[in-house]
Amino acid sequence: MSFRSIEQLLRRNSKTKISRNIVDGVHDQKEEQLVQSLRELLLASNQLPDKFDDYYVLLRFLRMRGFNILKAKEMFLNMLKWREDCSVDAIANDFKFEEYDAVKRCYPHGFHGVDRFGRPLYIERVGLVDLSKLVQVTSIDRYVKYHISEQEKTMSLRYPVCSLVAKRHIASTTAIFDVKGLGLNNFSKSAREMFAEIQKIDSNYYPETLNQLYIINAGTGFRALWKVLKAFMEARTLAKVQVLGTNYLNTVLKAVDPSNLPDFLGGTCTCPTGGCLLQDKGPWTDPEMVRASKEAFGKGQKSFNELTATIACESFTGCQEPSAKQVDSTSRWN
């Protein structure tokens, strides 16, 4: 699809139901009232930066705290303080992870297309991690900064582009962790520390961005380890985790089209350059899609509430066209 055709679609569909759905979703009236209350509370104390003055951002914090406004406010302010203390904006803009290729070889992971709803699909082959090599090519501190930079990229680029392609609001990720061979014996102290730090960051500062996590090839060793790992995770996050054994494929294929699932996991994708997880595969790598996203969500566009745009879902494989029922339930699905 050419950029000109994207522009034509943006104009032609600016008043369609699907287009309005990307703009506003379908807001639950009670949720909308709570979001507005939280917004007013933050504005009254001058604690709501323009960057985060967004319906869906505030909704994520409310959901994570069971719609308790005071607890959601506290969590939101803790996020702002963390961003300032850790210079998150500088990490997002300036951090260079020169060891990216080396890390990928000893820690296979990455985004690989989208799920059937249009959400980014993230995959890790945790059981193949070579921790001895990993600590030789990077440090926990630098890996955590890399993780933060990827989270920022997902929020600012992957979700907006996926929303345009899928014709609906996308604000969460589907993940697959292959834990074949992983257990208590080969999950070192360094690995536990890194896992705990990343879980803390994701739960506290990027809440409600996980749609579903499929843990596959879980053997008896991992199930023992899982009892330990669960202690680091929020209850709402645990509710989104499915631990599966070797007969995982039918369950995963309900969520992911085979074309977006690597062949080593039972799908049909065989990326030609370096393997499926050595690339950042998804519509967000298409320059035309990125350009269209920046036009729609760039400067002067605060949020989805100001967007009047849509592009055809067929422009990226593995994403299914939303039905009328799905369109009307977008805000409840992600």
Side-chain angles (χ1 to χ4, degrees), residues 1-7 9-10 22 91-105 107-125 145-176 206 209-211 255-265 267-298 301 304 307 309-321 334:
M1 175 177 285
S2 68
F3 184 70
R4 181 178 296 277
S5 62
I6 292 173
E7 289 181 312
L9 278 166
L10 292 176
I22 300 175
I91 291 173
N93 295 326
D94 305 323
F95 180 70
K96 305 299 182 187
F97 198 54
E98 292 88 356
E99 59 268 41
Y100 178 85
D101 288 341
V103 166
K104 285 269 189 171
R105 291 189 183 92
Y107 186 175
H109 69 281
F111 285 90
H112 193 268
V114 297
D115 70 6
R116 291 185 184 274
F117 193 82
R119 305 178 187 92
L121 176 65
Y122 177 76
I123 299 172
E124 287 193 10
R125 302 188 77 180
K145 286 181 178 178
Y146 159 67
H147 179 78
I148 292 171
S149 70
E150 284 295 297
Q151 283 283 40
E152 290 293 300
K153 182 178 179 180
T154 297
M155 302 298 293
S156 65
L157 178 63
R158 293 187 178 104
Y159 289 159
V161 171
C162 285
S163 295
L164 290 179
V165 173
K167 300 179 183 177
R168 48 195 163 202
H169 179 63
I170 300 295
S172 59
T173 300
T174 294
I176 301 172
Y206 302 95
T209 53
L210 176 66
N211 167 61
V256 182
D257 188 86
S259 65
N260 280 322
L261 193 66
D263 61 346
F264 55 77
L265 296 182
T268 60
C269 184
T270 54
C271 290
T273 308
C276 287
L277 299 187
L278 290 180
Q279 304 179 60
D280 185 19
K281 177 183 175 181
W284 52 85
T285 63
D286 185 329
E288 293 180 346
M289 295 295 182
V290 173
R291 186 177 169 191
S293 174
K294 287 181 178 179
E295 288 289 325
F297 300 99
Q301 299 281 2
F304 285 92
L307 173 64
T310 183
I311 2 178
C313 188
E314 296 85 18
S315 58
F316 192 75
T317 59
C319 167
Q320 295 179 341
E321 191 79 17
N334 53 64

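When reading the values below, keep in mind they use all heavy atoms of this one structure, side chains included, and skip hydrogens, waters and symmetry mates.
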Looking just at side-chain N and O atoms, do T173 and Y159 make a donor-acceptor pair shorter than 3.5 Å?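 The answer is yes; a qualifying pair exists.
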Closest non-hydrogen atom pair between [X] and [Y], with its separation:
| X | Y | result |
| --- | --- | --- |
| I170 | R119 | CG2-CA, 3.9 Å |
| A175 | L210 | CB-CD1, 4.3 Å |
| E152 | Y206 | OE2-OH, 2.6 Å |
| V114 | C162 | CG1-SG, 4.0 Å |
| V165 | P283 | CG2-CB, 3.9 Å |

Given side chains that start at C-beta, do those of [X] and [Y] come closer than 4.5 Å, heavy atoms only?
| X | Y | value |
| --- | --- | --- |
| M155 | T209 | yes |
| Y107 | R125 | no |
| T268 | L261 | no |

Spacing of CD belonging to Q279 relative to NZ belonging to K104, to within rounding of 0.5 Å: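 It comes to 9.0 Å.
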Interatomic spacing from CG in D263 to SG in C269 - rounded to 0.5 Å: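 Output value for this atom pair is 7.5 Å.
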Output yes when a side-chain donor or acceptor of [X] lies under 3.5 Å from a complementary backbone atom of [Y], and no otherwise.
| X | Y | answer |
| --- | --- | --- |
| S293 | P160 | no |
| K281 | C276 | no |
| H112 | I123 | no |

Quick one: sort the F97 and Y100 rings into parallel, tilted or perpendicular, breaks at 30° and 60°.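 Geometry flag for Y100 against F97: perpendicular rings.
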Please list, chain by chain and in numerical order, all residues satisfying side-chain contact (heavy atoms from CB on, under 4.5 Å) with K145, sequence neighbours excluded.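 Once residues adjacent in sequence are excluded, the partners of K145 under the side-chain contact (heavy atoms from CB on, under 4.5 Å) criterion are I91, F95, D141.
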If the condition is side-chain contact (heavy atoms from CB on, under 4.5 Å), which residues does T285 pass it with, not counting sequence neighbours?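 With neighbours one apart ignored, the set is D280.
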Could I get the full list of side-chain hydrogen bond (donor to acceptor under 3.5 Å, both in side chains) partners for T174, not counting sequence neighbours?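 Partners of T174 under the side-chain hydrogen bond (donor to acceptor under 3.5 Å, both in side chains) test: D115, N211.
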Set of residues satisfying side-chain hydrogen bond (donor to acceptor under 3.5 Å, both in side chains) with respect to T154, sequence neighbours excluded: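 Per chain and number, T154 pairs via side-chain hydrogen bond (donor to acceptor under 3.5 Å, both in side chains) with R158.
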Please assess L164 against M289 for the test side chain to side chain contact (heavy atoms under 4.5 Å, CB included), listing each intermediate value before the final yes or no. CA-CA 8 Å; L164 290 179; M289 295 295 182; over 6 Å; no
Go through the steps for H147 and E150 under the test side chain to side chain contact (heavy atoms under 4.5 Å, CB included), then give the verdict. CA-CA 5 Å; H147 179 78; E150 284 295 297; 5.6 Å; no
Sequence neighbours left out, what passes salt bridge (charged side-chain N to carboxylate O under 4.0 Å, His left out) with E124? Give chain and number order.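 Partners of E124 by the salt bridge (charged side-chain N to carboxylate O under 4.0 Å, His left out) criterion come out as none, since no residue qualifies.
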Sequence neighbours left out, what passes ring-ring contact (aromatic ring centres under 6.0 Å, His included) with Y122? Give chain and number order.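 Expected list: F111.
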